[in-house]
2 protein chains.
Amino acid sequence: MSTLSTAELRMPVVAASAVREFARGGYHGTTIADVARDAQISPAYVFKLFPSKERLFVAALDDCFERILETLAAGADAAGSQEAEAVLDAMGGAYAELISDRTLLLLQVHAQSVAEIPEIGQALRAGLKRVTRFAKIRSGASDSAVQRFVAYGQLCHLIVTAGIDGVPDEWATILSHGIRHPR
Amino acid sequence: MSTLSTAELRMPVVAASAVREFARGGYHGTTIADVARDAQISPAYVFKLFPSKERLFVAALDDCFERILETLAAGADAAGSQEAEAVLDAMGGAYAELISDRTLLLLQVHAQSVAEIPEIGQALRAGLKRVTRFAKIRSGASDSAVQRFVAYGQLCHLIVTAGIDGVPDEWATILSHGIRHPR
DNA sequence: CCAGAGAGTGAGTGTACAGTCACTCTTATG
DNA sequence: CATAAGAGTGACTGTACACTCACTCTCTGG
């Protein structure tokens, strides 16, 4: 027994495929077959690894926040100064770099859109809790600075999802001015 | 000819139903039958009024931004002072009141989530353009103040969609502190 | 009173998709 | 070598949904 099961190795691979595919199509716009194709397994086997589409999405979202937390931590460690504002700023820069490929950003937006599904709402709150607490504790910034950090993160999400960054109009530059890296 | 057609009177009614139903279920999670039921007509007739589901969603989104603009204008007119910051603040308060029933807020989030569909992305940008320009011109505030206005609006969207407002934890109060009316 | 334009629908069609099940293939240990 | 546990799949099923079409009903103008 204990084949040093490939299933436990396969699960995170499938979760990573789910991140990519759900980021592309959103929850309702992505099929299990899409994820299976990306992971190069059969759709049937996806259901052996995850009991339902909801759970698969939750796994993807958890993975997404895990990567975000790692990135924030690395950014904070690499900050020039360890003063609160400088650390927050460094985390913001690291986040901007992370989401330059849009995948993790889009997944979060799609998650917001289906947060009424209880398990997904719960996973989203759990991720936001981790991010908020980490930003607060690691930087030592004030509550309002942390709130601002998250608010401008959300603005960044809007800019990317709505495709505002490429627009040459004045209104577009008002919204995206100073926002880093929105490709 | 020119029956002073009921169709032209029916269209905005159906669009209003579409706002409600799409806000509930999102683009992929809402069916034409849902909208038809709300508007008390047959699904087939929806397709006589709107050529496709995409176009119906766009009509709903346009209606949503129309109402938002009206609200911002009314808020600005009712501001105590006509100083830039005071006007922006009054618009924020009016917006907070408008979205206390969540419908228009949710529709915007769902629109973000399907903004890759070209017509929808375009309608979303058109709405944001109107909001941004109006906020800037009507208040006369600085670019960065307008940007902040939108950023905190997005934070408000996050708080509502993720259901953060009811959470008693500290991280939740950091995010939602001072945000008005996030019922 | 009749012709026709437009409002409105019932009954489909084709397709796509979540989830299931019975099955095979591989490996590894007794 | 036998057997069994787990990896993995092909072929379904039932349902739901975007969109179509042929049709009826109700006016209104001549």
Side-chain angles (χ1 to χ4, degrees), chain A residues 1-61 110-111 113-114 116-120, chain B residues 1-61 110-111 113-114 116-120:
Chain A
M1 51 199 73
S2 89
T3 326
L4 196 39
S5 116
T6 309
E8 290 193 350
L9 301 175
R10 194 74 86 155
M11 267 184 52
V13 172
V14 175
S17 293
V19 168
R20 279 190 293 276
E21 291 299 315
F22 280 126
R24 271 186 150 272
Y27 181 72
H28 292 293
T30 300
T31 71
I32 295 292
D34 292 333
V35 177
R37 193 177 315 115
D38 189 276
Q40 310 199 57
I41 59 175
S42 70
Y45 193 42
V46 174
F47 285 103
K48 286 262 162 86
L49 298 172
F50 298 90
S52 67
K53 192 182 178 184
E54 286 182 21
R55 296 289 209 133
L56 178 59
F57 190 91
V58 166
L61 195 55
H110 292 314
S113 174
V114 288
E116 272 86 26
I117 298 173
E119 290 185 86
I120 295 178
Chain B
M1 52 199 69
S2 89
T3 324
L4 198 38
S5 113
T6 307
E8 290 192 350
L9 301 175
R10 194 73 88 154
M11 269 185 49
V13 173
V14 175
S17 292
V19 168
R20 279 190 292 275
E21 291 298 316
F22 280 127
R24 272 186 149 272
Y27 182 72
H28 291 293
T30 300
T31 71
I32 295 291
D34 291 333
V35 176
R37 193 178 316 114
D38 188 276
Q40 309 199 57
I41 60 176
S42 69
Y45 193 42
V46 174
F47 284 102
K48 286 262 162 88
L49 298 172
F50 298 91
S52 67
K53 192 182 179 183
E54 286 181 21
R55 296 287 210 132
L56 178 58
F57 189 91
V58 167
L61 195 55
H110 292 314
S113 173
V114 288
E116 273 87 24
I117 297 172
E119 290 185 85
I120 295 178

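From a predicted model like this one, the values you see are computed outputs, not experimental measurements. Below, chain A is the first sequence line, B the second, and so on; all start at residue 1.
Both A:Lys48 and A:Ala33 sit near DNA chain C, but only A:Ala33 has its closest nucleotide nearer the 5' end. Of the two residues near DNA chain C, A:Asp34 and A:Pro51, the one whose nearest nucleotide lies more 5' is A:Asp34.
Atom CZ of A:Phe47 is separated from atom C1' of C:dC17 by 9 Å (rounded to the nearest Å). Atom C1' of nucleotide C:dG19 and atom CD1 of A:Ile41 are separated by 15 Å, given to the nearest angstrom. If you take CG of B:Leu9 and P of C:dG6, they are 15 Å apart, rounded to a whole angstrom. Following rounding to the nearest Å, B:Phe50 (CZ) and D:dA18 (P) show an atom-to-atom distance of 15 Å. Atom CD of B:Gln40 and atom C1' of C:dG8 are 14 Å apart (whole Å). A straight line from CD1 of A:Ile32 to C1' of C:dA18 spans 7 Å, rounded to a whole angstrom. Rounded to whole Å, the distance from CZ on A:Arg10 to C1' on D:dA7 is 8 Å. In this structure, OH of A:Tyr45 is placed 14 Å from P of D:dG10, rounded to the nearest angstrom.
Going from atom OG of B:Ser42 over to atom CZ of B:Arg37 covers 12.5 Å, rounded to the nearest 0.5 Å. Note that OH of A:Tyr27 and NE2 of B:His28 are 13.0 Å apart. Values are rounded to the nearest 0.5 Å.
Considering only the side chain of A:Ala44, D:dT9 comes nearest among D:dG8, D:dT20, D:dT9. Checked against D:dA18, C:dA18, C:dG8, the side chain of B:Thr31 finds its nearest nucleotide in D:dA18.
Closest approach of A:Val46 and A:Ala36 over heavy atoms only: CG2-CB, 3.8 Å. Across A:Phe50 and A:Met11, no two heavy atoms sit closer than the pair CZ-O, 3.8 Å.
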